Amino acid sequence: MLKRTKIAKLLQAEAPMDEVLVKGWVKTRRDSKDFSFVEVNDGSCLKNIQVIANNTLNNYNEVKKLSTGSSLAIKGALVESKGGSQKFEIVADEIEIYDIAPDDYPLQKKKHTDEYLRTIAHLRPRTNKYGAAFRVRSELSYAIHKFFHDRGFRYVHTPIITGSDCEGAGEMFRVTTLDMENLPKTKDGKVDYSQDFFGKEAHLTVSGQLNGEMYALALGDIYTFGPTFRAENSNTTRHAAEFWMIEPEMAFADIYDDMDLAEDMVKFCVKHVLENCRDDIELFDKFVEPGLIAKLENIVNNGFARITYAEAIDIMQKSGENFEYKPEFGIDMQTEHERFLAEKHFKRPVIVRDYPKEIKAFYMRLNDDGRTVAAMDVLVPGIGEMIGGSQREERYDVLVQKIHEMGMKEEDYSWYLDSRKYGSVPHAGFGLGFERMMMLVTGIGNIRDVIPFPRTPNSINF
RNA sequence: UCCGGCUUAGCUCAGCGGUAGAGCAAUCGGCUGUUAACCGAUCGGUCGCCUGUUCGAAUCAGGCAGCCGGAGCCA
C-alpha cells in the first residue's frame with residue numbers, strides 16, 4: 001500500500017522516483033493540448049508540485065474540471081521537469097478527485113487584501129502568505145519551547161480562570177455560570193457571587209506571572225506559554241483580546257540576568273525561524289516587508305542596546321526631535337518615544353531599564369535610589385514594546401508597603417506574600433507577547449493577521 | 001474611548017450633479033511544456049443603510065452602521 005508523501009519532502013528528493021502518492025488542493029490549473037498542468041499544494045510548504053495529467057487518464061474529463069481549491073490525490077512518477085521553474089514534477093498515472101470546488105470559491109489566483117482575507121479567516125490559511133505565516137507561527141512556538149527546555153527551564157501550566165485580579169493589568173473578562181437574565185442579589189442589592197460557580201468572582205487570566213513566580217521559587221527556572229485575555233477596548237494593530245504570552249521566571253536572578261535571557265531568547269527564536277522557515281521568510285521579505293531578512297540577521301548578529309530610563313529621557317531631550325509628548329523624567333513612555341529609540345536612534349532592539357516606580361507595577365523591585373524600580377522593557381523597531389519584565393521585589397516588608405501604597409488589599413495577596421515569607425530569594429522574569437514576536441519575525445503589520453482566528457473588540461467571528 | 005479616512009460587479013478599483021465603467025475572477029470557445037500562461041466572447045451592480053437638498057444624487061448635506069488607519073491602554 002503506497003503511503004502519502006508530503007510535498008515538502010518530495011521537493012527535497014535527490015533523484016526521480018517511480019511511484020509516489022501526493023494529496024492536496026489545486027492552486028491553479030493550465031490546459032495544454034494533450035494534457036493539463038495541475039499545481040498542487042498540501043500546506044507542508046510554500047511551494048506547489050506540478051502535476052502532469054495526460055488525456056489518457058480514464059477520468060480526464062473530470063480532471064479538466066479541477067478548479068482552484070479542489071482536493072485530490074495523485075499517484076504517479078516523480079520525474080525531472082521539462083519546464084524551467086521547478087526541478088521535479090509528477091506525471092500522474094491515477095488521479096482521485098475528492099471534491100471539486102464550485103466557482104464561488106472565495107480565493108482567486110491573485111493577491112487579496114488582508115482586510116478581505118480577514119472576512120474569510122477560515123479559508124485564508126490556504127493562501128501563500130497566510131500558509132507561510134502559520135507555518136512560521138508553529139515553528140516559532142517550537143523554538144520557544146526548545147530554547148527554554150535546552151536551558152533547563154520547566155514548562156508550567158498556570159490557570160486560565162483566575163480568582164484574583166493579579167497586577168491589575170487591564171480589564172478582565174468575567175467568567176460566570178449565573179443566569180444573566182435573573183441575577184441573584186444580596187441584601188444590599190449587589191450581585192451575589194457566593195452563588196456563582198466558584199463561590200466568588202472569577203475572570204480569565206491577564207497574566208500567569210504571580211502563579212509562575214511560585215513555581216520558580218520551587219523548581220528554579222520556569223516558563224509559561226499560554227493564552228491570555230484582556231478586555232481592554234483597544235483598537236490597534238498591536239492588541240487583541242485573546243493572545244498568547246510567554247512568561248519565564250528565574251529564581252536567584254536579577255534584572256541583568258533577566259535582560260540577558262530576553263535578548264538570548266529573541267535571538268535564538270529569530271535564528272531558528274531564519275534557518276527553518278527560509279522559503280516562508282523569503283516570501284515575507286519579498287512581499288510583506290522588504291529588507292526583513294537583513295533586519296532579522298541584524299537582530300541575530302548584533303547586541304541589543306541597553307540604557308536606563310533616565311538615559312532614554314536624556315537622549316530624547318537632546319535629540320532635537322519634536323515629540324508630541326515632551327520627554328521628562330517621570331512620564332510613561334509613549335509610542336512615539338519607543339519608536340524613536342528603536343527605529344531612529346539605535347536602529348535595533350533596545351532594552352530600557354530602571355523606570356520610575358510610580359509608573360510600574362507593585363511587584364517590581366525597588367532600586368537603592370528609592371525612586372526607580374528594576375523593570376525592563378524590550379523595544380523593537382516597527383512594534384514598540386515586545387517584552388516587559390522586572391526583578392521582583394523579594395523583601396517582604398517592602399512588598400507589603402508597596403501593596404498598601406497602591407491601594408491594594410493585602411489579604412488578596414496573602415498566598416503571594418507567603419513566597420516572601422518562607423525562603424524568599426531574588427528572582428526575575430518577563431512577559432513576551434507571542435503575536436508581537438510573530439509580527440517582528442514575519443513583518444506582518446497587524447496582530448489580526450498573525451493569529452488564526454483573532455478576537456478584538458466587536459469581532460468574534462469563526 | 002478619541003481623531004481621521006473609506007464603503008460602487010465575486011475581488012481590486014475608476015467615476016465625484018445628467019441616470020454605471022475597467023482590470024482580474026467566473027462561464028464558453030480557441031491556442032499552447034505551461035509557470036498567478038496567452039487570445040476572443042459572455043455573464044455580472046437597489047453605487048453600505050436612512051433622511052434631506054435638487055428638475056435630476058453613486059456624486060452634495062445630515063444621521064446611522066461596518067471596516068481601515070492613528071492615538072490612548074498595554075504584551
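Bear in mind that the values here come from a model prediction, so they are computed numbers and not experimental data. In what follows, chains are A, B, ... by sequence order, proteins preceding strands, each numbered from 1.
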Of the options B:rU32, B:rU34, B:rA71, whose atoms approach the side-chain atoms of A:Lys33 most closely?
B:rU32
C1'-based separation of B:rG48 from B:rU54 [nearest Å]
23 Å
Who pairs with B:rG45 - Watson-Crick or G-U, where each distance is under 3.5 Å:
none
Whole-Å distance between B:rA36 P and A:Asn41 CG?
14 Å
If you measure from the Lys or Arg side-chain nitrogens to the Asp or Glu carboxylate oxygens, is any gap between A:Lys295 and A:Glu289 under 4.0 Å?
yes
With a 4.0 Å cut-off on heavy atoms, is A:Thr237 in touch with a base, just the backbone sugar-phosphate, or nothing at all?
sugar-phosphate
Across the strands shown, which category fits A:Glu435 at heavy-atom distances under 4.0 angstrom: base, sugar-phosphate, nothing?
nothing
Would you say the rings of A:Phe434 and A:Phe243 are close, in the sense that their centroids are separated by under 6.0 Å?
no
Are the charged groups of A:Lys267 and A:Glu263 less than 4.0 angstrom apart, N to O?
yes
So which of residues 104-117 of chain A are in contact with RNA chain B, with a heavy-atom cut-off of under 4.0 Å?
A:Gln108, A:Lys109, A:Lys110, A:Lys111, A:His112, A:Thr113, A:Glu115, A:Tyr116
Can you tell me how far C1' of B:rA36 sits from NZ of A:Lys27, to the nearest Å?
11 Å
State plainly whether the residues A:Lys65 and A:Asp103 are in salt-bridge range, i.e. N to O under 4.0 Å.
no
Whole-Å gap separating P (B:rA75) and CE (A:Met386)
13 Å
Ignoring hydrogens and geometry beyond distance, is the side chain of A:Asp31 in donor-acceptor contact with the base of B:rU34 at under 3.5 Å?
no
Let me know the distance between CD of A:Glu171 and C1' of B:rU1, rounded to the nearest Å.
12 Å
For residues 323-332 of chain A, which side-chain donor-acceptor pairs fall under 3.5 Å, sequence neighbours excluded?
residue, atom, partner, partner atom, Å
A:Lys326, NZ, A:Phe323, O, 2.7

Result for 5'-nearest mapping on RNA chain B, choosing between A:Thr28 and A:Lys82, is A:Lys82
How many Å lie between NZ on A:Lys65 and P on B:rC28, as a whole number?
10 Å
Check: A:Arg230 side chain, B:rA75 base, donor-acceptor under 3.5 Å:
yes
Under the salt bridge (Lys or Arg N to Asp or Glu O under 4.0 Å) definition, can you give me all pairs with a residue in residues 124-134 of chain A, not counting sequence neighbours?
A:Asp114-A:Lys129, A:Arg124-A:Asp449
Taking B:rC73, B:rG33, B:rG72 as options, the one with an atom nearest any side-chain atom of A:Glu232 is B:rC73
B:rA75 C1' sits how many Å from A:Glu242 CD, rounded?
14 Å
Using ring centroids (six-membered ring only for Trp), state whether A:His145 and A:Phe147 fall under 6.0 Å.
no
Integer-rounded Å distance: B:rC73 C1' and A:Asp377 CG
14 Å
Expected output is a numbered-order residue list: members of residues 437-456 of chain A with a heavy atom under 4.0 Å from any atom of RNA chain B. What is it?
A:Asn446, A:Ile447, A:Arg448
Taking only residues two or more places apart in sequence, or in another chain, which ones meet A:Lys33 in a side chain to side chain contact (heavy atoms under 4.5 Å, CB included)?
none
Return the pairing partner of B:rU35 with a 3.5 Å limit on both distances, Watson-Crick or G-U wobble; otherwise return none.
none
Taking the six-membered ring of A:Phe362 (Phe, Tyr or Trp), confirm whether the NZ or CZ of A:Lys402 is under 6.0 Å from its centre and within 45° of its axis.
no
When we call it a touch if two heavy atoms are under 4.0 Å apart, what does A:Asp332 touch: a base, just sugar-phosphate, or nothing?
sugar-phosphate
Considering only heavy atoms, which members of residues 125-135 of chain A lie under 4.0 Å from some atom of RNA chain B?
none
Nearest to the A:His239 side chain among B:rC74, B:rU1, B:rU32, which nucleotide is it?
B:rC74
Looking only at side-chain N and O atoms, does A:Thr335 come under 4.0 Å of OP1 or OP2 in B:rG72?
yes
A:Glu247 (side chain) donor-acceptor with A:Gly431 (main chain) under 3.5 angstrom
no
Review item, nucleotides 45-49 of chain B N/O atoms under 3.5 Å of protein N/O:
none

What contact category does A:Phe434 fall into here, base, sugar-phosphate, or nothing, at under 4.0 angstrom with non-hydrogen atoms?
nothing
Set of residues satisfying ring-ring contact (aromatic ring centres under 6.0 Å, His included) with respect to A:Phe304, sequence neighbours excluded
none
If pairing requires Watson-Crick or G-U wobble contacts with both distances under 3.5 Å, which nucleotide is the partner of B:rU7?
B:rA65
Within the modelled atom types, does a donor on one side and an acceptor on the other bring the side chain of A:Arg436 and the base of B:rC74 under 3.5 Å apart?
yes
Residues 17-30 of chain A vs salt bridge (Lys or Arg N to Asp or Glu O under 4.0 Å), sequence neighbours excluded, gives A:Arg29-A:Asp31, A:Arg30-A:Glu39
Would you classify A:Gln86 as touching base, sugar-phosphate or nothing, given that sugar-phosphate means primed atoms plus P, OP1 and OP2, and contacts are heavy atoms under 4.0 Å?
base
Which residue lies more 5' along RNA chain B, comparing A:Arg29 with A:Ser67 via nearest heavy atoms
A:Ser67
Specify the separation, in whole Å, of atom CG of A:Asp103 and atom C1' of B:rC11.
14 Å
Over all strands shown, is A:Glu89 touching base, sugar-phosphate only, or nothing at heavy-atom distances under 4.0 angstrom?
base
Pairs involving residues 93-114 of chain A, ordered by first then second residue, that meet ring-ring contact (aromatic ring centres under 6.0 Å, His included) (sequence neighbours left out):
A:His112-A:Tyr116
So, using ring-ring contact (aromatic ring centres under 6.0 Å, His included) as the criterion, who are the partners of A:Tyr60 when residues are at least two apart?
none
Taking only the C1' atom of each, what is the distance from B:rG45 to B:rC13 in whole angstrom?
14 Å
Counting only distance, no hydrogens or angles, is the base of B:rC74 paired donor-acceptor with the side chain of A:Ser234 under 3.5 Å?
no
Residue-phosphate contact under 4.0 Å: A:Gln209 side-chain N/O, B:rA75 OP1/OP2:
no
Could A:Glu89 and A:Lys82 be called an ion pair, given the rule that one side-chain N must be under 4.0 Å from one carboxylate O?
no
Partner lookup for B:rC2, please. Criteria are Watson-Crick or G-U wobble with both distances under 3.5 angstrom; report none if nothing qualifies.
B:rG70
Could you list all the salt bridge (Lys or Arg N to Asp or Glu O under 4.0 Å) pairs where at least one residue sits in residues 434-444 of chain A, not counting sequence neighbours?
A:Arg137-A:Glu435
With rounding to the closest Å, how many angstrom separate the C1' atoms on B:rA57 and B:rU8?
14 Å
Flag the pair A:Arg174 and A:Glu201 as a salt bridge only when some basic side-chain nitrogen lies within less than 4.0 angstrom of an acidic carboxylate oxygen.
yes
Determine the Euclidean distance between corresponding C1' atoms of B:rG17 and B:rU32; express it in Å to zero decimal places.
50 Å
Salt bridge A:Asp258-A:Arg353, side-chain N to carboxylate O under 4.0 Å:
no
Students often get this wrong, so: under 4.0 angstrom with heavy atoms, is A:Ile52 touching a base, only sugar-phosphate, or nothing?
base
Taking any heavy-atom pair under 4.0 Å as a contact, classify A:Glu39: base, sugar-phosphate, or nothing.
base
